[in-house]
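Throughout, a chain's letter reflects where its sequence line sits, starting with A, and its residues are numbered from 1. For the numbers below, each heavy atom of this structure counts, side chains included, while hydrogens, waters and symmetry mates do not.
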Amino acid sequence: MAEAAPFAERLLAWWRVHGRHDLPWQHPRTPYRVWVSEIMLQQTQVATVIPYFERFMARFPDLLSLANTTIDDVLGAWQGLGYYARARNLQATAERCMTDHDGRLPDSAEALAALPGIGASTANAIISQAHDRPAVVVDGNVKRLLSRHAAIEGWPGRSAVMRELWAQAETRLPTAHGADYTQAVMDLGATVCSRRNPRCNECPVRHDCQARRQKRVGELPTPRPKRDIGQRRLYMLVHFDRRGRVLLERRPPAGIWGGLWCFPESESRQALAERFRLSEVQLKALPAVSHLLTHLKLEIIPLTADGQRPGDTGTQDLALGVECAEHLDWFAPLQWARLGIPKPVLDILESTRA
DNA sequence: AATGCGGGGTC
DNA sequence: GACCCAGCATT
């Protein structure tokens with residue numbers, strides 16, 4: 001009996017018939033477009049990314065336009081996509097390409113991985129797709145596909161498991177068709193070897209899938225261990241001036257919502273009142289907003305001075321000697337959408353308009 | 001080697 | 001509500 005075709009050949013044959021060939025970053029498949037798409041796709045699903053990618057390309061069609069714009073413009077284009085550090089890294093990388101790489105993205109995985117926001121897997125994903133060279137990519141799809149096909153146990157967040165996945169991926173790499181193979185493993189993971197209800201009977205590598213043989217497809221990959229998450233209460237001052245502009249503060253570059261504009265906030269209601277020369281009794285709470293992060297549950301209590309609303313006149317103007325520096329400023333409604341504002345803050349902002 | 005980052009999809 | 005997603009940077 002003839003030996004089965006190599007893993008990669010079966011995937012490529014499957015992909016030519018069943019794979020995705022119409023993703024926006026595939027046409028044209030330039031290094032710049034591939035790079036931007038890979039950054040957007042980090043921890044973010046394809047369907048979510050597509051409209052952002054189209055808008056981003058219309059606004060920043062090339063490396064130079066991205067390097068020459070402001071961070072606020074990039075954050076504005078990123079608003080709603082999450083993981084805003086990616087937007088800052090994107091622009092930092094564009095600038096580095098101008099200064100250190102002759103105005104282009106480097107064409108080696110090592111040089112790419114030295115740039116902000118690009119790790120080993122993303123570097124290889126860019127190389128394989130932009131230059132059609134085979135390179136190991138281990139993303140969520142590949143982790144799932146390989147942990148099943150080779151029956152690899154353990155949560156991929158553990159380094160030993162990740163090493164094994166990387167080694168498996170390496171041995172399966174073809175010697176040609178690098179771009180199509182990368183797309184093929186991702187497509188197979190996304191559409192056939194899906195997390196729930198995998199369609200094993202349509203899989204081109206089902207005949208030597210170890211998880212399937214052991215009837216353990218449903219148990220692999222091993223899920224992330226559960227853990228308790230903490231809870232934190234946060235007060236935010238929602239205040240408008242007579243012209244309907246809202247007071248926002250730019251957050252420090254590191255940490256949650258780094259570099260984004262938020263209401264002035266504090267964990268202490270009293271500290272917030274003191275900072276803006278308000279008495280605590282003046283502060284009226286709006287309905288709380290709950291925001292869930294991986295490791296933390298935030299309860300955000302929006303506070304307004306005397307129930308003030310935009311357009312209100314005659315209320316005290318919070319003169320409070322707010323010295324609007326670069327990190328503290330007033331913004332008109334038309335400016336909001338171009339700023340980069342975290343989702344819960346935007347929700348509060350919009351609820352005050354309604 | 002483990003943890004923080006964040007919004008959305010999906011069941 | 002639980003769990004995951006085209007991971008990386010930081011500690």
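Contact annotation for A:Gln79: no contact, since no heavy-atom pair falls under 4.0 Å across all strands. Heavy atoms of A:Gln42 sit under 4.0 angstrom from primed sugar atoms or phosphate atoms, though from no base atom. Among the protein residues, A:Trp155 comes within range of no part of the nucleic acid, since none of its heavy atoms lies under 4.0 Å from any strand. Within 4.0 Å (heavy atoms only), A:Leu115 reaches sugar-phosphate atoms of the nucleic acid but no base atom. Residue contacts for A:Leu292: at a heavy-atom cut-off of 4.0 Å it reaches no nucleic acid atom on any strand shown.
Taking atom CG of A:Asn89 as the reference point, atom P of B:dG6 lies 11 Å away to the nearest angstrom. What separates CZ of A:Arg251 from P of B:dG6 is a distance of 9 Å, to the nearest Å. Across the protein-nucleic acid pair, A:Leu81 atom CG and C:dC5 atom C1' stand 12 Å apart, rounded to whole Å. Rounded to an integer number of Å, the gap from CG of A:Leu90 to C1' of C:dA6 is 15 Å. Going from atom CG of A:Asn124 over to atom C1' of C:dA6 covers 13 Å, rounded to whole Å. Computed from coordinates, the A:Trp166 CH2 to C:dG7 C1' distance equals 11 Å when rounded to whole Å. Rounded to whole angstrom, the span from the CG atom of A:Asp139 across to the P atom of C:dC5 amounts to 10 Å. For A:Tyr84 and B:dG6, the OH to P distance is 8 Å, given to the nearest whole Å.
In terms of phosphate contacts, A:His291 brings no side-chain nitrogen or oxygen within less than 4.0 Å of OP1 or OP2 of B:dG6. Residue A:Lys143 places no side-chain N or O under 4.0 Å from the OP1 or OP2 atom of C:dC5. Neither OP1 nor OP2 of C:dA6 sits under 4.0 Å from any side-chain N or O of A:Trp25. Regarding contacts with the backbone of C:dC5, a side-chain N or O of A:Arg144 is found under 4.0 angstrom from either OP1 or OP2. The phosphate of B:dG6 has neither OP1 nor OP2 within less than 4.0 Å of any side-chain N or O from A:Thr44.
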Check: protein-nucleotides 8-11 of chain B nitrogen or oxygen pairs below 3.5 Å:
from  : atom 1 : to      : atom 2 : distance (Å)
B:dG9 : O4'    : A:Gln45 : OE1    : 3.2

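Test A:Arg148, A:Gln210, A:Gln214 against A:Leu220 for side-chain contact (heavy atoms from CB on, under 4.5 Å) and you get one pass: A:Arg148.
Closest to the side chain of A:Lys226, out of C:dC4, C:dC3, B:dA1, is C:dC3. You'll find that the side chain of A:Arg158 is closest to B:dA2, out of C:dC5, B:dA2, B:dG7. Out of C:dC3, C:dC4, C:dA6, the shortest distance to the side chain of A:Val46 is found at C:dA6. With C:dC4, C:dC8, C:dA6 as the choices, the nucleotide that has an atom nearest any side-chain atom of A:Ser121 turns out to be C:dC8.
Under the 4.5 Å side-chain contact rule for hydrophobic residues, A:Val138 and A:Leu188 share a cluster.
The closest side-chain donor-acceptor pair between A:Asn124 and A:Ser121, if any, does not fall under 3.5 angstrom. Side-chain contact of A:Trp15 with A:Asp187: a donor-acceptor pair under 3.5 Å is present, judged by distance alone. Checking A:Asp208 against A:His149 by side-chain atom types alone, a donor-acceptor pair falls below 3.5 Å. Between the side chains of A:Gln42 and A:Thr122, at least one donor N or O sits under 3.5 Å from an acceptor N or O. For the residue pair A:Gln129 / A:Glu38, a side-chain donor-acceptor distance below 3.5 Å is found, with atom types taken as modelled.
In terms of position on DNA chain B, the residue among A:Ala160 and A:Arg88 whose nearest nucleotide sits closer to the 5' end is A:Ala160. With DNA chain B read from its 5' end, the first of the two nearest nucleotides for A:Pro344 and A:Gly157 is the one closest to A:Gly157. Comparing A:Gly117 and A:Leu41 by the nucleotide of DNA chain C that holds the closest heavy atom to each, the one mapping nearer the 5' end is A:Leu41.
For A:Arg212 against A:Cys200, the heavy-atom pair with the smallest separation is NE-CB, 3.9 Å. Nearest approach of A:Ala190 to A:Asn141, heavy atoms of both residues: N-OD1, 3.4 Å.
B:dC11 and C:dA6 are spaced 14 Å apart, taking the P atom of each and rounding to whole Å. Taking atom P in both C:dT11 and B:dG6, one finds a spacing of 15 Å when rounded to whole Å.
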